[in-house]
Number of protein chains: 2
Amino acid sequence: MRASERAYLTLLEDILEWRLPPGTVLAEVEQSERLGVSRTPLREALGRLAAEGLTAPHSGRGVVVTELSLDHADELFELREALECKAASLAARRGNPLVFSQLQKEFSSAAVLVNGDEAAKGNYYSLVQRLDDAIDQSMDNSYLLQSLKSLRVHLVRIRRLAKDNPERLLASAMEHANIAGAIAAGDAQLAAACTTVHLNQSLNHLKSTQHQTERTAS
Amino acid sequence: MRASERAYLTLLEDILEWRLPPGTVLAEVEQSERLGVSRTPLREALGRLAAEGLTAPHSGRGVVVTELSLDHADELFELREALECKAASLAARRGNPLVFSQLQKEFSSAAVLVNGDEAAKGNYYSLVQRLDDAIDQSMDNSYLLQSLKSLRVHLVRIRRLAKDNPERLLASAMEHANIAGAIAAGDAQLAAACTTVHLNQSLNHLKSTQHQTERTAS
DNA sequence: TTTTCCTTTCTTGTATACACTGAGTGTTGA
DNA sequence: TCAACACTCAGTGTATACAAGAAAGGAAAA
């Protein structure tokens with residue numbers, strides 16, 4: 001693997017996992033020594049991160065990890081609604097109904113997963129991943145896919161701020177089942193509506209986490 | 001100005017103006033000599049172009065300017081509808097009505113512009129630009145703005161394939177007036193609907209250009 | 001004659017040295 | 001004591017040399 005690729009993947013993971021929290025200054029020599037590559041591939045990695053909006057220039061001197069807090073959740077979810085509703089609509093028009101009715105079934109019977117142990121919860125998350133993948137493939141639009149991917153990087157980062165609980169996961173599973181069902185039925189409008197509902201519920205849950213944190217802190 | 005910035009801007013313009021058409025191979029030494037910079041800043045420029053989807057790796061040997069033809073218009077406009085409808089909705093909720101009712105008036109009286117000479121047509125295009133800018137500012141969402149900007153790069157490129165005529169420009173002006181009016185009225189749903197109408201008309205016009213070209217070629 | 005393998009050469013990937021800019025600090029004058 | 005100027009230095013921006021890898025061409029064998 002190329003050195004620039006290794007540096008990029010390492011930095012990306014460090015940022016997404018909050019090991020490099022917002023505001024962290026990324027000096028070139030420092031990071032190149034830490035990652036064991038020279039400055040040239042490191043600069044390429046930093047350039048890719050900047051293009052994704054994960055880093056930003058810092059008063060003319062170096063780059064910093066961009067701010068991200070629950071304050072950004074509203075903006076992020078507005079974009080997410082635009083992209084994912086469109087994606088669900090297109091999938092409803094173009095996807096294979098069998099794939100999505102199968103996914104719907106799995107989500108409907110996901111109650112056992114979200115109440116189980118960590119491994120079972122991992123299974124649930126991979127099920128969500130499979131629905132996303134199926135939509136990505138069915139919508140058959142490379143530009144929309146590209147936009148979604150760059151959005152998801154930020155979503156991964158912000159998701160770490162939320163604590164999920166069994167009740168929310170169960171509700172989420174039902175919402176996902178509805179989305180899959182609407183796509184399987186070929187109903188574009190319903191698929192978009194189900195996605196809107198799901199995203200609003202997710203956002204509300206995310207914000208309720210914030211209130212808890214504020215109360216805990218005070 | 002930095003050498004990498006110059007190289008980036010020059011290559012960007014060359015690609016958008018079709019001086020570097022799709023499929024053109026961009027060899028590093030060749031381009032660095034052409035632009036009078038060394039390979040290091042040139043590589044940074046190429047990296048930025050690749051992040052925007054304007055270039056893509058070419059079977060292990062250099063990068064090529066990505067394909068773009070009217071075949072991509074459908075995909076591009078699907079993403080555009082998702083983003084611009086959302087943008088118009090948000091602007092309707094958050095924008096200053098006075099700004100948009102002023103823009104509506106200007107679009108309504110734009111008939112004299114589109115029938116005029118080249119300079120007058122330039123005025124019309126800058127009016128469209130002002131509406132876009134007003135929406136960008138009013139929607140107040142940096143993530144959505146970022147997505148829109150990366151989309152617009154491709155739209156600039158594909159717009160060169162379309163020939164505009166006075167009838168289309170006049171209709172376009174009316175459609176823009178409707179969008180501005182809906183935003184001024186604070187009607188998010190109507191603003192989105194007007195945007196959908198406008199984009200469908202634009203896409204149809206773009207495709208009719210294609211048919212003419214095909215008939216001309218045969 | 002065709003296919004396969006080897007060699008050559010061109011292009012990219014990486015490291016490093018040097019130049020330049022900008023921020024911080026210390027000193028000097030009012 | 002404060003402000004302004006100059007100097008230092010850390011850190012980025014650029015150039016270039018070198019290494020590694022892939023494609024193309026030719027030669028040899030089937």
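Computed from a predicted structure; not experimentally measured. Below, read A as the first sequence line, B as the second, and so on, with proteins coming before strands; counting in each chain starts at 1.
Going from atom CZ of A:R6 over to atom P of C:dG13 covers 14 Å, rounded to whole Å. Between A:L42 atom CG and D:dG13 atom P the separation is 12 Å, expressed in whole Å. In this structure, CD of B:E28 is placed 8 Å from C1' of C:dG13, rounded to the nearest angstrom. Atom NE2 in A:H58 sits roughly 11 Å away from atom P in D:dT12 (whole-Å rounding). One interatomic measurement links the two molecules: CD of A:E44 to C1' of C:dA15, which rounds to 14 Å at whole-angstrom precision. The distance between atom CE of B:M1 and atom P of C:dT21, rounded to the nearest whole Å, is 15 Å. Atom CG of A:L26 is separated from atom C1' of D:dG11 by 14 Å (rounded to the nearest Å). Between the CG atom of B:L46 and the P atom of C:dT11 there is a distance of 14 Å, given to the nearest Å.
A donor and an acceptor atom sit less than 3.5 Å apart, one in the side chain of A:T40 and one in the base of C:dT16. You'll find a donor-acceptor pair under 3.5 Å spanning the side chain of B:R39 and the base of C:dG13, going by distance alone.
For the OP1/OP2 pair of C:dT14 and a distance below 4.0 Å, the side-chain nitrogens and oxygens of A:S4 include at least one atom meeting the criterion.
For A:R43, taking side-chain heavy atoms from C-beta onward, the closest of the listed nucleotides D:dG13, D:dA15, C:dT12 is D:dG13. Considering only side-chain atoms of A:V37, the nucleotide from C:dA15, C:dT12, D:dA15 that sits closest is C:dA15.
Here the straight-line distance linking atom CD of A:E13 with atom OH of A:Y8 works out to 12.0 Å at 0.5 Å rounding. We find the CG-NE2 distance between A:L68 and A:H154 to be 8.0 Å, quoted to the nearest 0.5 Å.
The only option from A:Q129, A:R130, A:Q137 that meets the side-chain hydrogen bond (donor to acceptor under 3.5 Å, both in side chains) definition with A:D133 turns out to be A:Q129.
No side-chain donor-acceptor contact under 3.5 Å links A:H198 to the backbone of A:C194.
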